[in-house]
Visitor: 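Questions regarding the structure given below will be posed in turn.
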Amino acid sequence: METHHERRKRVGNRIIWAVLAVAVVLAGVGFQLASHGGPGLLVQSNGNEVGGSFRLDSLGESTVTEGDFHGDWMLVWFFDIQCPEDRCQPVLKSMEAAYQALHAQGVTVAPLAVTLNPFEDNDAIKNYVIPVAPHVMPFTATPNMLKAMTAEYHAPYRKDGDAYVPAPQIVIMDPNARYAGTVPANGDSEALIARLRQLSKH
């Protein structure tokens with residue numbers, strides 16, 4: 001016959017498993033809402049004037065969020081590989097130069113280039129970015145995420161002909177994921193480096 005202690009243990013185990021099952025279901029529902037819900041569920045400003053949370057897909061198919069870059073000066077720029085190379089690749093080169101210059105001083109920089117075309121081929125993106133900026137990390141996202149994120153980062157999300165309009169500025173977030181400022185996305189590496197040096201000394 002089952003003792004009182006064994007009965008309590010059996011009931012307790014059932015409760016634990018029930019709680020775990022509910023937690024799994026709620027986590028799944030939360031993920032679906034975050035993936036397909038409105039902008040407020042996808043991206044939050046977290047009190048920032050510009051910038052905020054996000055969920056991006058790396059070309060290796062792993063997912064990153066803004067939390068993965070805490071401790072780094074984060075550079076965020078939106079682009080399209082259909083942009084002429086002489087217009088957009090200088091921006092990537094300036095982000096690479098900033099990474100190199102600040103890294104030499106012991107300041108960690110995470111340059112993120114987010115493609116505005118969610119259906120672009122991964123190899124094509126790599127071939128556009130990596131040869132000119134090997135430390136700039138290219139990312140993709142769902143259309144809903146791109147729409148929400150560009151709104152939060154004050155970047156355009158529209159096409160001009162066949163290509164999406166690249167962001168006119170690079171957004172700088174500090175190591176605590178707070179908005180620090182913007183720099184024109186014009187390929188001026190010296191201006192970007194100077195701005196980051198100025199910010200990192202404060």
Visitor: Quick one: closest heavy-atom pair of Gly71 and Thr108, and the distance?
Guide: O-OG1, 3.1 Å
Visitor: What pair of heavy atoms forms the shortest contact from Tyr128 to Cys83, and how long is it?
Guide: OH-O, 2.9 Å
Visitor: Say you draw a straight line from NZ of Lys201 to CD of Gln105; how long is it, rounded to the nearest 0.5 Å?
Guide: 7.5 Å
Visitor: Can Phe69 be reached from Leu199 by stepping across I, L, V, M, F, W or Y side chains whose heavy atoms are under 4.5 Å apart?
Guide: no
Visitor: Count the heavy atoms of every other residue, nucleotide or ligand shown that sit under 6.0 Å from CG of Asp121, and state whether that count exceeds 12.
Guide: yes
Visitor: Is the shortest heavy-atom distance from the side chain of Asp174 to the side chain of Trp73 under 4.5 Å?
Guide: yes
Visitor: Tell me whether the rings of Phe78 and Tyr153 are parallel (<30°), tilted (30 to 60°) or perpendicular (>60°).
Guide: perpendicular
Visitor: Mark yes or no for whether Asn186, through its side chain, and Asp188, through its backbone, hold a donor-acceptor pair below 3.5 Å.
Guide: yes
Visitor: Which pair of non-hydrogen atoms, one from Pro166 and one from Pro156, has the smallest distance, and what is that distance?
Guide: O-CG, 4.0 Å
Visitor: Report yes or no: do Val183 and Tyr179 belong to one cluster of Ile/Leu/Val/Met/Phe/Trp/Tyr joined by side chain heavy-atom distances under 4.5 Å?
Guide: no
Visitor: In the structure I gave you, are the side-chain heavy atoms of Pro134 and Glu96 within less than 4.5 Å of one another anywhere?
Guide: yes
Visitor: What verdict does the side chain to side chain contact (heavy atoms under 4.5 Å, CB included) test give for Leu116 and Thr150, after you've listed the backbone C-alpha separation in whole Å, the side-chain angles of each residue and the deciding distance to 0.1 Å?
Guide: CA-CA 9 Å; Leu116 291 165; Thr150 49; 3.7 Å; yes
Visitor: In terms of heavy-atom contacts, does CD of Gln100 have more than 12 from other residues, nucleotides or ligands at under 6.0 Å?
Guide: yes
Visitor: Hydrophobic cluster membership, with links at side-chain heavy-atom distances under 4.5 Å among I/L/V/M/F/W/Y: are Ile81 and Leu146 in one?
Guide: no
Visitor: Angle class for the His135/Tyr99 ring planes (parallel below 30°, perpendicular above 60°, tilted otherwise)?
Guide: parallel
Visitor: Find the distance between CE (Met149) and CZ (Phe139) and round it off to the nearest 0.5 Å.
Guide: 9.0 Å
Visitor: How about His154 and Val171: do any of their side-chain heavy atoms sit closer than 4.5 Å?
Guide: no
Visitor: So Pro175 and His70, do their side chains get closer than 4.5 Å, heavy atoms only?
Guide: no
Visitor: Does any part of the side chain of Ile172, heavy atoms only, come nearer than 4.5 Å to the side chain of Leu75, both counted from C-beta?
Guide: yes
Visitor: Might you point out which heavy atoms bring Ile193 and Ala98 nearest each other, and give the distance in Å?
Guide: CG1-CA, 3.6 Å
Visitor: Using the rule given for side chain to side chain contact (heavy atoms under 4.5 Å, CB included), can you reason through Trp77 versus Val91, listing the C-alpha separation, both sets of side-chain angles and the distance that settles it, and then say yes or no?
Guide: CA-CA 9 Å; Trp77 183 56; Val91 183; 3.7 Å; yes
Visitor: Decide yes or no for Glu120 and Tyr164: does some side-chain heavy atom of the first lie under 4.5 Å from some side-chain heavy atom of the second?
Guide: no
Visitor: As a test of understanding, state which of Thr63, Thr115, Leu112, Thr140 forms a side chain to side chain contact (heavy atoms under 4.5 Å, CB included) with Leu56.
Guide: Leu112
Visitor: Should Leu192 and Ile170 count as side-chain neighbours, where that means a heavy-atom distance under 4.5 Å?
Guide: yes
Visitor: Are Met137 and Ile125 joined in one hydrophobic group, where the rule is that I, L, V, M, F, W and Y side chains link up if heavy atoms are under 4.5 Å apart?
Guide: no
Visitor: Where the side chain of Ser62 meets the backbone of Ser58, is there a donor-acceptor pair that is under 3.5 Å apart?
Guide: no
Visitor: Enter the distance from Glu85:CD to Gln89:CD here, rounded to the nearest 0.5 Å.
Guide: 4.0 Å
Visitor: Please name the pair of heavy atoms, one in Pro118 and one in Tyr157, separated by the smallest distance, quoted to 0.1 Å.
Guide: CD-OH, 4.5 Å
Visitor: Spell out, yes or no, whether Val114 and Val64 are grouped together once hydrophobic residues are joined by side-chain heavy atoms under 4.5 Å, including indirect joins.
Guide: yes
Visitor: So, do Pro138 and Ile130 sit near enough that their side-chain heavy atoms are less than 4.5 Å apart?
Guide: yes
Visitor: Does Phe119 offer a backbone N or O that forms a donor-acceptor pair with the side chain of Asn117 under 3.5 Å?
Guide: yes
Visitor: How close do Leu102 and Arg197 get, counting heavy atoms only, and between which atoms?
Guide: CD1-CG, 4.3 Å
